[in-house]
Amino acid sequence: MATEEASGSDGKGQGGESSVTYYRLEEVTKRNSSKELWLVIHGRVYDITRFLNEHPGGEEVLLEQAGTDSTESFEDVGHSSDAREMLKQYYIGDVHPSDLKPEGGNKDPSKNDTCKSCWAYWIFPIIGAILVGFLYRYYMAESKSS
Ligand code: HEM
C-alpha cells in the first residue's frame, strides 16, 4: 500500500501536486469548528476555513457539515460549475482508501452489471432477427402452397 498518510495537525496546505496526501476520516472529524473547518466531498478533503465567511450560501450550512462527508448536501444544493472550480483551491488531500465508503458506485458490481447488459444488448436482437427470418420463410412457404 503506497499511501502517504498525514497524521500531523499542521498538515494543511501541504500535499504537493505530485503526491497525494491521505487523511483518515477520524482526522477530518476533528476539524469541525470555525477555527479549522474541513469537509469531504466525493472522497476528497477540503480545508475551507478561510472560505467560511465567503460562502454565498452562508456560514451556517458549512458549520453544520464541518468535519463530515458533505457530498450529498453539496450535490443536493446543485452547486454551479464555478462552485466546483472553487473547490480546487481548498483541496488538501484524499480520504484514506480504507475509510472510503462504497459510494453509489461499487466498482465490481457495476462492472458486472455492465457486462451482463452487454450480452443482453446483443442476444435479444439476434434472437429476434432469427425468429423474423423463420416467420418470413414460413409465410412464404404457406403462400406458395396455397
Ligand atoms: C467547500 C465547498 C463549497 C463551495 C466551494 C461552495 C460554493 C458555493 C457557491 C459558489 C455558491 C453560489 C451558487 C453557486 O455558484 O452554485 C454556493 C451556494 C450555496 N451553497 Fe455552497 N459551497 C460549498 C459547500 C456547501 C455545502 C457543504 C453546503 C451544504 C448544504 C452548501 C450550501 C449552499 C447553499 C444552501 C447555497 C445557496 C444556494 C442558493 O442560494 O441557491 N455549500 N456555494
Side-chain angles (χ1 to χ4, degrees), residues 1-140:
M1 226 173 41
T3 58
E4 183 190 328
E5 203 171 314
S7 52
S9 57
D10 297 323
K12 66 177 177 178
Q14 288 178 349
E17 286 173 16
S18 53
S19 66
V20 177
T21 308
Y22 290 105
Y23 295 96
R24 305 303 304 236
L25 284 182
E26 197 189 334
E27 288 183 86
V28 178
T29 313
K30 289 179 199 159
R31 275 64 176 216
N32 61 359
S33 71
S34 55
K35 285 179 187 161
E36 213 178 4
L37 202 160
W38 292 10
L39 286 184
V40 173
I41 296 171
H42 292 300
R44 291 171 169 236
V45 183
Y46 299 95
D47 178 352
I48 55 160
T49 316
R50 60 200 160 94
F51 178 63
L52 195 55
N53 302 323
E54 298 165 25
H55 183 226
E59 287 182 26
E60 265 184 43
V61 282
L62 296 184
L63 284 166
E64 274 169 23
Q65 300 292 325
T68 67
D69 185 337
S70 45
T71 308
E72 221 175 302
S73 325
F74 183 82
E75 292 300 344
D76 283 352
V77 172
H79 281 93
S80 64
S81 49
D82 282 350
R84 285 162 206 279
E85 272 296 308
M86 287 170 80
L87 279 177
K88 289 179 188 167
Q89 52 186 301
Y90 304 109
Y91 171 76
I92 54 167
D94 286 0
V95 173
H96 194 279
S98 46
D99 280 348
L100 277 177
K101 293 178 208 160
E103 186 190 303
N106 282 349
K107 282 177 191 169
D108 290 342
S110 68
K111 271 181 193 165
N112 289 343
D113 285 352
T114 321
C115 279
K116 275 176 197 164
S117 52
C118 277
W119 69 258
Y121 282 131
W122 287 101
I123 206 83
F124 291 118
I126 289 170
I127 291 172
I130 293 168
L131 277 175
V132 169
F134 274 117
L135 285 172
Y136 179 75
R137 290 186 71 172
Y138 173 78
Y139 281 118
M140 290 304 281

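Just so it is clear, the values below take in all heavy atoms, side chains as well, and ignore hydrogens, waters and symmetry mates. Counting starts at 1 for both ligands and their atoms, following the listed order.
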Completion exercise
Given the options L37, L62, L39, F51 meets side chain to side chain contact (heavy atoms under 4.5 Å, CB included) only with L62

Practice task
Check whether any side-chain heavy atom of V40 lies under 4.5 Å from a side-chain heavy atom of Y46, and answer yes or no.
Solution key: no

Problem - Test item: V45 and Y23 side chains (from C-beta on) under 4.5 Å apart, heavy atoms - result: yes

Are the side chain of [X] and the backbone of [Y] linked by a donor-acceptor contact shorter than 3.5 Å?
{"X": "D99", "Y": "R24", "value": "no"}
{"X": "S80", "Y": "A83", "value": "yes"}
{"X": "S70", "Y": "Q65", "value": "no"}

May I ask you to list the atoms of ligand 1 that are less than 4.0 angstrom from any heavy atom of [X]?
{"X": "L87", "answer": "1 (C), 2 (C)"}
{"X": "P56", "answer": "8 (C), 9 (C), 10 (C), 11 (C), 12 (C)"}
{"X": "S73", "answer": "29 (C), 30 (C)"}
{"X": "L62", "answer": "24 (C), 25 (C), 26 (C), 27 (C)"}
{"X": "I48", "answer": "1 (C)"}

Problem - Whether over 12 other heavy atoms sit under 6.0 Å from E75 CD - result: yes

Exercise for the section: Flag yes if more than 12 heavy atoms outside E54 fall under 6.0 Å of its CD atom; otherwise flag no. Expected result: yes

If you scan the protein for heavy atoms around [atom], do you find one that is closer than 4.0 Å?
{"atom": "atom 21 (Fe) of ligand 1", "answer": "yes"}
{"atom": "atom 41 (O) of ligand 1", "answer": "no"}
{"atom": "atom 13 (C) of ligand 1", "answer": "no"}
{"atom": "atom 4 (C) of ligand 1", "answer": "yes"}

In the protein, what heavy atom is nearest to [atom], and what distance, to one decimal place, separates them?
{"atom": "atom 15 (O) of ligand 1", "result": "S80 OG, 2.5 Å"}
{"atom": "atom 37 (C) of ligand 1", "result": "G57 CA, 3.8 Å"}
{"atom": "atom 35 (C) of ligand 1", "result": "V77 CG2, 4.0 Å"}

Problem - Separation between CD1 of I48 and CD of E59, rounded to the nearest 0.5 Å - result: 10.5 Å

Practice task
Before signing off on this row, confirm whether D82 and ligand 1 have an N or O atom pair separated by under 3.5 Å.
Solution key: no

Exercise for the section: Verify whether one side chain among E36 and T49 offers a donor that lies under 3.5 Å from an acceptor in the other. Expected result: no

Problem - Heteroatom of H79 nearest to atom 21 (Fe) of ligand 1 (N, O or S, atom name) - result: NE2

Exercise for the section: Output the atom name for the N/O/S atom of H55 with the smallest distance to atom 21 (Fe) of ligand 1. Expected result: NE2

Exercise for the section: Show your working on side chain to side chain donor-acceptor pair (under 3.5 Å) between E27 and H96 and close with a plain yes or no. Expected result: CA-CA 10 Å; E27 288 183 86; H96 194 279; over 6 Å; no

Practice task
Tell me, please: is Y90 in heavy-atom contact with ligand 1, that is, under 4.0 Å?
Solution key: no

Exercise for the section: Measure the distances from the heavy atoms of Y46 to every atom of ligand 1 and state whether one is below 4.0 angstrom. Expected result: no

